[in-house]
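Naming convention: chains lettered A, B, ... in sequence-line order (proteins, then strands); numbering from 1 in each chain. Predicted model, so just to flag it, every value in this text is computed and none were measured.
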There are 2 protein chains.
Amino acid sequence: MGKILTMPFDGSMEGATATTAPQDVSREDAATFDVLRKMREDILCCVLKPDQRLRFGELRQRYGTSVGTLREALSHLVSEGLARTEAGRGFQVAPISLADFLDLSELRVYLETSTLADAIRHGTDAWEAEIVSSYFLLAKLAAPRQDDPVSVKREWGKRHKRFHDSLVATCTSPWSLHFRSELFDQARRYHWLTMIHARSRRRNEHLDLRDAVLARDVDLACGLIEKHIRTTVQQAASEVPGLTLEMAKRKKA
Amino acid sequence: MGKILTMPFDGSMEGATATTAPQDVSREDAATFDVLRKMREDILCCVLKPDQRLRFGELRQRYGTSVGTLREALSHLVSEGLARTEAGRGFQVAPISLADFLDLSELRVYLETSTLADAIRHGTDAWEAEIVSSYFLLAKLAAPRQDDPVSVKREWGKRHKRFHDSLVATCTSPWSLHFRSELFDQARRYHWLTMIHARSRRRNEHLDLRDAVLARDVDLACGLIEKHIRTTVQQAASEVPGLTLEMAKRKKA
DNA sequence: ATATTCAAAATTTTCGAAAGTTTCGAAAAT
DNA sequence: ATTTTCGAAACTTTCGAAAATTTTGAATAT
């Protein structure tokens with residue numbers, strides 16, 4: 001159900017055996033996992049706003065579950081850097097700042113390029129097929145702007161993630177993939193803010209990326225994705241109003 | 001209490017403001033955090049062995065706490081990659097394998113060198129002082145082998161971590177530091193196994209590293225740490241008995 | 001006016017037990 | 001002999017309430 005990437009059907013799956021890297025999307029822990037996924041999505045899409053305090057009373061209503069379950073989910077979110085907690089004064093959504101976006105984007109450049117290069121070298125037919133497929137789905141939706149409805153923004157976000165995941169699916173380094181995935185989610189928070197305020201529609205950089213990857217051109221593909229990441233930061237810095245080096249906002253739900 | 005690094009007293013602390021990277025050692029959540037720390041230490045030192053199943057009954061006795069608290073701690077450990085969980089069949093200690101150690105070490109080479117280079121460029125007097133101090137403490141204990149008592153091994157592990165943390169303390173990238181720290185802990189599990197079985201004592205590579213860092217020689221320091229990491233993997237591969245590419249062990253507590 | 005104290009209110013943290021799954025092994029069927 | 005079925009035991013998951021902590025705000029003192 002939660003599976004996003006389809007694994008190759010042919011033989012080459014050595015990379016997937018006996019790995020120790022943390023579990024990402026797995027564990028279909030019924031309730032706990034369900035709440036975790038919903039909360040993560042709400043933080044990523046800024047339904048739960050940066051710095052917002054997360055009271056158990058409200059959360060219990062919103063997600064229809066008990067404190068124990070919530071606590072476990074929140075605990076996870078803290079590990080992922082999407083929430084914070086302190087001594088005996090509860091949880092809150094992690095803050096955002098341009099400095100943070102710059103920092104995580106810089107590391108993303110390394111992780112996206114190194115995983116992509118490795119994935120291209122180990123690419124299979126099934127990998128190519130999933131790239132073609134996920135690109136097709138992404139291309140049906142133009143990158144959303146201010147005026148597009150939330151449902152379209154959400155759907156685009158999903159397809160965008162699926163496309164980028166498909167590119168690196170055959171990378172043989174579980175740890176690199178794990179950290180890449182975590183940072184990608186972090187970046188999604190900023191992408192959402194950018195969509196909310198976006199005036200300009202960017203030209204389709206994903207097509208070039210797809211073709212470079214399918215052509216197995218490592219240098220070109222890595223160059224494109226690096227540019228893609230950097231451009232995204234630039235756009236956020238210039239088009240998202242409050243995103244300066246110090247964000248001293250505190251909004252209520 | 002849990003604070004390992006002393007922050008510089010002088011002005012230069014820009015890197016530390018308004019960061020979003022996950023909380024590492026912070027959150028002194030009384031019970032929860034206490035249990036988490038103990039369990040992490042027990043996994044790192046293989047008191048809880050790889051693949052070992054973690055039943056709540058036993059854990060409740062061992063750590064003297066309730067299921068809820070345990071669950072939260074275990075949840076954290078899963079995020080850190082030190083434990084695994086599946087649907088409705090509980091938790092277990094994450095497996096280990098040479099493939100995993102190779103993979104995480106490769107990523108460590110990048111993270112250790114990039115954070116170290118940045119740290120050297122932003123080094124302060126207080127940073128140098130902490131390096132000198134933590135090296136001094138480390139040097140008082142020779143790297144432990146088979147026959148050394150467990151308490152010495154544990155203490156050496158602590159000092160070893162403190163020394164390496166001190167080197168990168170002034171790095172300005174919170175995200176890089178966070179991932180570096182996570183991978184360092186992962187490596188500690190393999191270091192422990194190596195100590196358990198170590199026949200040879202390695203010569204003191206830390207002294208050279210300290211001097212290169214204090215001399216602000218970025219290239220030399222990065223070269224040394226890269227070699228340090230790679231040598232450690234080699235030693236583990238050759239001296240730890242069961243550490244082959246596939247580990248099909250299943251030991252009981 | 002500003003600061004301090006103290007108790008009530010709000011909130012978080014911890015726990016033990018009820019509810020729900022999975023695992024195990026004996027009995028029955030193939 | 002092997003597989004299937006079924007119920008009991010073991011274990012995990014979820015919950016609501018008790019215990020502990022922090023916050024709030026009014027009353028008092030500086």
In whole Å, I'd like the distance from the [atom1] atom of [X] to the [atom2] atom of [N].
| X | N | atom1 | atom2 | result |
| --- | --- | --- | --- | --- |
| A/Gln61 | C/dT11 | CD | C1' | 15 Å |
| B/Glu72 | D/dT13 | CD | C1' | 15 Å |
| B/Leu70 | D/dT14 | CG | C1' | 15 Å |
| A/Gln92 | C/dT12 | CD | C1' | 14 Å |
| A/Phe33 | D/dT14 | CZ | P | 13 Å |
| A/Arg71 | D/dA20 | CZ | C1' | 12 Å |
| B/Arg89 | C/dT22 | CZ | P | 7 Å |
| B/Leu74 | D/dT13 | CG | P | 10 Å |

Find every protein N or O atom lying less than 3.5 Å from an N or O atom of nucleotides 5-11 of chain D, and list the pairs.
unit_1, atom_1, unit_2, atom_2, d
D/dC11, OP1, B/Arg55, NE, 3.4
D/dC11, O3', B/Arg53, NH2, 3.4

List for me each residue that meets side-chain contact (heavy atoms from CB on, under 4.5 Å) alongside [X], sequence neighbours excluded, and say none if there are none.
| X | value |
| --- | --- |
| B/Glu155 | B/Leu141, B/Lys158, B/Arg159 |
| A/Arg62 | A/Asp42, A/Val47, A/Leu48 |
| A/Ser114 | A/Tyr110 |

Partner residues of A/Asp185 under the side chain to side chain donor-acceptor pair (under 3.5 Å) criterion, sequence neighbours left out
none

With sequence neighbours left out, what residues match A/Tyr63 under ring-ring contact (aromatic ring centres under 6.0 Å, His included)?
none

Who pairs with B/His197 by ring-ring contact (aromatic ring centres under 6.0 Å, His included), at least two apart in sequence or on another chain?
none

For DNA chain C, what string of dots and brackets results from 5' to 3' when Watson-Crick and G-U pairs need both distances under 3.5 Å, crossing pairs get [ ], and pairs with another strand get |?
||||||||||||||||||||||||||||||

Whether A/Asp165 and A/Arg162 form a salt bridge (side-chain N of Lys/Arg under 4.0 Å from carboxylate O of Asp/Glu) is what I want to check.
no

Which atom pairs, donor and acceptor, lie under 3.5 Å between side-chain atoms of residues 189-196 of chain B and protein residues at least two apart or in another chain?
unit_1, atom_1, unit_2, atom_2, d
B/Arg189, NH1, B/Ala94, O, 3.1
B/Arg189, NH2, B/Ala94, O, 3.1
B/Arg189, NH2, B/Pro95, O, 3.1
B/Tyr190, OH, B/Ser97, N, 3.2
B/Tyr190, OH, B/Ser97, O, 3.4
B/Tyr190, OH, B/Asp100, OD2, 2.6
B/Trp192, NE1, B/Cys45, O, 3.0
B/Thr194, OG1, B/Tyr190, O, 2.8

Are A/Arg188 and A/Phe184 in a cation-pi contact, defined as NZ or CZ under 6.0 Å from the six-membered ring centre and within 45° of the axis?
no

